[in-house]
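Predicted model only: the values in this text are computed from it and were never measured.
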Amino acid sequence: MRKWTMAAALVAVIPTAAAAQDVEAGASIFKKCAACHQIGPTAKNALGPELTCVIGRKVASVEGFQYSEGLKKAAFTTWDDEHFLQWVENNKKLVPGTKMIFPAGVKDETDRANLLAYVKSQCAK
């Protein structure tokens, strides 16, 4: 019985540790984005809009940022996980006419998932 209790306790801890590692890996990946974007409580618009709490935000809605016509007319209206992941993989495929220049994208699926985890972790709602 004791062995089963220990095994159950270990299984319960593993997902938490993995999630923390994902956020840390995502922070490292965000360095590619940081050339143009800021994120966090003191973030401001830069070459790109600030990305704090972007998931759940209406597309092209950050006050004071001049969005491209392509993004203003995007086929989706709210940033969700699916659209964020597609955007960071290939933004010009998702939104033709966007002015964002990110030709390399984030091609690795795990890296995209880690980046999403980091971006979500920066929203203190």
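- Grouping the Ile, Leu, Val, Met, Phe, Trp and Tyr side chains by contacts below 4.5 angstrom, directly or via other members, places Leu47 apart from Phe65.
- Within the 3.5 Å criterion, the main-chain N or O of Glu63 finds a donor-acceptor partner in the side chain of Asn45.
- More than 12 non-hydrogen atoms from other residues, nucleotides or ligands lie less than 6.0 angstrom from NZ of Lys99.
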Full working for side-chain contact (heavy atoms from CB on, under 4.5 Å) between Val119 and Phe84: CA-CA 10 Å; Val119 167; Phe84 178 85; 3.8 Å; yes
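- Rounded to the nearest 0.5 Å, atoms CG (Asp22) and CG (Leu115) are 11.5 Å apart.
- Counting all heavy atoms, side chain and backbone alike, Arg57 lies closest to Val62 at NH1-CG2, 2.9 Å.
- Between the CD1 atom in Ile55 and the CG atom in Leu116 there is a gap of 5.0 Å [rounded to 0.5 Å].
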Stepwise side-chain contact (heavy atoms from CB on, under 4.5 Å) test for Lys120 and Asp81: CA-CA 10 Å; Lys120 285 180 162 185; Asp81 293 3; 2.8 Å; yes
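- Applying the side chain to side chain donor-acceptor pair (under 3.5 Å) rule to pairs touching residues 89-98 yields nothing, sequence neighbours excluded.
- In this structure, Leu85 and Ala113 approach most closely via the heavy-atom pair CD2-N, 4.1 Å.
- The ring-ring contact (aromatic ring centres under 6.0 Å, His included) check on His37 picks up nothing, with sequence neighbours excluded.
- A search for side-chain hydrogen bond (donor to acceptor under 3.5 Å, both in side chains) contacts involving Glu82 returns Gln86, not counting sequence neighbours.
- With sequence neighbours left out, the side-chain hydrogen bond (donor to acceptor under 3.5 Å, both in side chains) criterion links Asp80 to His83.
- Judged as a side-chain contact (heavy atoms from CB on, under 4.5 Å), and not counting sequence neighbours, Lys31 has no contacts.
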Full working for side-chain contact (heavy atoms from CB on, under 4.5 Å) between Leu94 and Phe76: CA-CA 10 Å; Leu94 180 64; Phe76 60 101; 3.8 Å; yes
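- By the side-chain hydrogen bond (donor to acceptor under 3.5 Å, both in side chains) test, Glu109 pairs with no residue at all, sequence neighbours left out.
- A distance of 8.0 Å separates CD of Gln122 from CZ of Phe30, quoted to the nearest 0.5 Å.
- In this structure, Cys36 and Ala46 approach most closely via the heavy-atom pair O-CB, 3.4 Å.
- Once rounded to the nearest 0.5 Å, the distance linking NZ of Lys44 with CD of Gln38 reads 7.0 Å.
- Gly70 approaches Val95 most closely through the heavy-atom pair O-CG1, 3.3 Å.
- The minimum heavy-atom distance between Ala60 and Leu71, with the atom names listed, is CB-O, 4.2 Å.
- Closest approach of Lys58 and Trp79 over heavy atoms only: O-CD1, 4.2 Å.
- For the atom pair Cys33 SG and Phe102 CZ, the distance stands at 5.0 Å (nearest 0.5 Å).
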